[in-house]
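First comes the structure, then the notes that go with it.
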Amino acid sequence: YLCLCKSYFNPVDSQQILHEEPFFVVQGDFSREEQSEAVYCGFKRNHKKQFKMNGKEYSRLADHIGVFPLVMISPYDNNLVTEGSEERRKFLDSAISQVDPHYLDDLISYNKVLSNRNALLKRFAETGRTDLEMLEVYDEQLISYGMKIFRKRQSFCEQFVPLFNEIYSNISSDYEEVSFRYESQLLTQDFASLLKNNLRKDTVLERTSAGIHKDDLHFMLGAHPLKKLGSQGQQKSYLIALKLAQYRFLDEQKGYKPLLLLDDIFDKLDDRRIRQLLEMVSREHFGQIFITDTNSERIRQIFGDIGVDCRLFDIERGEVKTMMAV
């Protein structure tokens with residue numbers, strides 16, 4: 001919440017409040033290079049969310065994204081494989097937005113224009129009349145924002161793929177060959193031509209059928225889609241490699257280490273992959289890491305075996321009960 005201004009699992013703020021309670025507050029102190037920053041997030045039912053740093057409220061939440069870069073790995077990430085392209089675009093957007101504030105601005109603007117264009121197409125269908133001048137205005141704006149987003153996504157993927165391949169190789173010990181590909185209509189076609197050629201189709205569908213909002217990422221295991229032929233362990237290894245490559249990307253771009261959150265990573269991973277993963281994230285080029293697990297003894301044993309110090313917190317009903325170094 002304090003890094004990305006929202007819950008990782010559910011973006012609806014009102015659903016984070018305890019039953020029968022009027023509000024929630026999350027706050028914390030972030031330290032970097034001997035400087036401490038106090039971050040506050042508060043939300044009251046039927047009110048606007050408040051987000052502050054050092055007591056000063058943000059006028060735009062987007063201005064906070066990337067101040068404290070963060071990568072989270074959780075079982076929820078399986079949606080990247082099993083669900084539609086929207087989930088994979090969110091992964092792209094989250095990674096790029098944390099290093100490029102202009103990207104997020106362009107994305108917000110693109111989605112606003114897209115919504116307006118779709119509303120206009122719907123009006124065409126309802127009234128039977130077309131306003132080509134207004135459509136041309138929206139098309140020009142859509143192309144302007146869309147091309148900037150496309151180029152940044154393309155550049156990100158070019159930098160990201162080598163990082164991903166290297167990390168997956170370390171996690172799997174080169175047992176499997178994987179690939180990762182950015183797919184966009186704009187790779188092979190001009191955006192203006194796409195919009196013009198699809199106008200009849202768009203009018204029938206009452207929505208815009210071409211653009212960067214249709215982009216996708218293709219995850220492959222050998223020559224086959226990961227979704228269809230990858231085992232649960234292979235899919236989880238793939239997802240972990242994606243997220244650790246995102247960590248490396250953020251580290252290189254920001255010049256300082258992001259936070260890494262590992263939530264229930266032991267699910268569906270065999271002992272060999274778990275050990276390789278924890279040995280990897282315990283190396284010097286990783287910063288502060290939080291790991292959640294329901295089995296504290298397993299944590300003690302694994303970190304004891306690989307010779308890495310950690311601190312254990314036992315949490316019961318939302319309260320820290322015990323704390324110890326291992």
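- The ring-ring contact (aromatic ring centres under 6.0 Å, His included) search around F290 returns none, not counting sequence neighbours.
- Residues passing the salt bridge (charged side-chain N to carboxylate O under 4.0 Å, His left out) test with D216, sequence neighbours excluded: R88.
- At least one side-chain heavy atom of I212 sits less than 4.5 Å from a side-chain heavy atom of Y110.
- Scanning for side-chain hydrogen bond (donor to acceptor under 3.5 Å, both in side chains) contacts around S184 gives D215, with sequence neighbours left out.
- Cluster partners of F23, using a side-chain heavy-atom cutoff of under 4.5 Å among ILVMFWY residues and allowing indirect links, are V25, Y40.
- In the displayed structure, K49 atom NZ is contacted under 6.0 Å by more than 12 heavy atoms of other residues, nucleotides or ligands.
- K90 has no carboxylate O lying under 4.0 Å from a charged side-chain N of D93, or vice versa, which leaves the two without a salt bridge.
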Quiz item: Could you walk me through whether E37 and Q35 pass the side-chain hydrogen bond (donor to acceptor under 3.5 Å, both in side chains) check?
Solution: CA-CA 7 Å; E37 312 281 4; Q35 183 173 346; 2.9 Å; yes
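- L107 CG to H213 NE2: the interatomic distance, rounded to the nearest 0.5 Å, is 12.0 Å.
- Under the 4.5 Å side-chain heavy-atom criterion for ILVMFWY residues, a single connected hydrophobic cluster contains both F9 and L2.
- Both Y168 and V161 are members of a single hydrophobic cluster when ILVMFWY side chains are connected at heavy-atom separations under 4.5 Å.
- For E57, the side-chain hydrogen bond (donor to acceptor under 3.5 Å, both in side chains) test picks out no residue, with sequence neighbours left out.
- Using modelled atom types and a 3.5 Å distance limit, the side chains of E252 and Q159 yield no donor-acceptor pair.
- Here F160 pairs with F91, F156, F180 under the ring-ring contact (aromatic ring centres under 6.0 Å, His included) rule; sequence neighbours left out.
- Heavy atoms of other residues, nucleotides or ligands lying less than 6.0 angstrom from CZ of R89 number more than 12.
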Exercise. With side-chain hydrogen bond (donor to acceptor under 3.5 Å, both in side chains) as the test, would you mind laying out the steps for Q235 and S231 before giving the verdict?
Key: CA-CA 6 Å; Q235 289 184 7; S231 67; over 6 Å; no
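- Sorted by first then second residue, the side-chain hydrogen bond (donor to acceptor under 3.5 Å, both in side chains) pairs that include residues 290-300, not counting sequence neighbours, are D263-T292, D293-R298, S296-R300.
- For Y1, the ring-ring contact (aromatic ring centres under 6.0 Å, His included) partners at least two apart in sequence or on another chain are F24.
- When hydrophobic clusters are built by joining Ile, Leu, Val, Met, Phe, Trp and Tyr residues whose side-chain heavy atoms come closer than 4.5 Å, directly or via intermediates, V26 is grouped together with M53.
- A salt bridge is defined here as a Lys NZ or Arg NE, NH1 or NH2 lying under 4.0 Å from an Asp or Glu carboxylate O, and K321 with E319 meets this definition.
- Panel note: side chain Q16, backbone V12; a donor-acceptor pair is recorded below 3.5 Å.
- F313 meets the ring-ring contact (aromatic ring centres under 6.0 Å, His included) test with no other residue; sequence neighbours excluded.
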List the atom pairs, with distances to 0.1 Å, where a side-chain N or O of residues 69-79 and a protein N or O form a donor-acceptor pair under 3.5 Å, not counting sequence neighbours.
| from | atom 1 | to | atom 2 | distance (Å) |
| --- | --- | --- | --- | --- |
| S74 | OG | Y76 | N | 3.1 |
| D77 | OD1 | Y8 | OH | 2.3 |
| D77 | OD1 | K243 | NZ | 3.1 |
| D77 | OD2 | S74 | N | 2.8 |
| D77 | OD2 | K243 | NZ | 3.3 |

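- Qualifying salt bridge (charged side-chain N to carboxylate O under 4.0 Å, His left out) partners for E183, counting only residues two or more places apart in sequence or in other chains: R181.
- A distance of 7.0 Å separates CD1 of I65 from CD of Q98, quoted to the nearest 0.5 Å.
- A side-chain hydrogen bond (donor to acceptor under 3.5 Å, both in side chains) check over residues 127-145, counting only residues at least two apart or in different chains, returns the pairs R117-D139.
- Within 6.0 Å of the CD atom in Q50, the count of heavy atoms belonging to other residues, nucleotides or ligands exceeds 12.
- Of the charged side-chain nitrogens involved, none lies within less than 4.0 Å of a carboxylate oxygen, so that D13 and K48 do not count as a salt-bridged pair.
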Quiz item: Would S209 and N198 satisfy side-chain hydrogen bond (donor to acceptor under 3.5 Å, both in side chains), going step by step from the backbone distance to the final call?
Solution: CA-CA 7 Å; S209 59; N198 283 25; 3.1 Å; yes
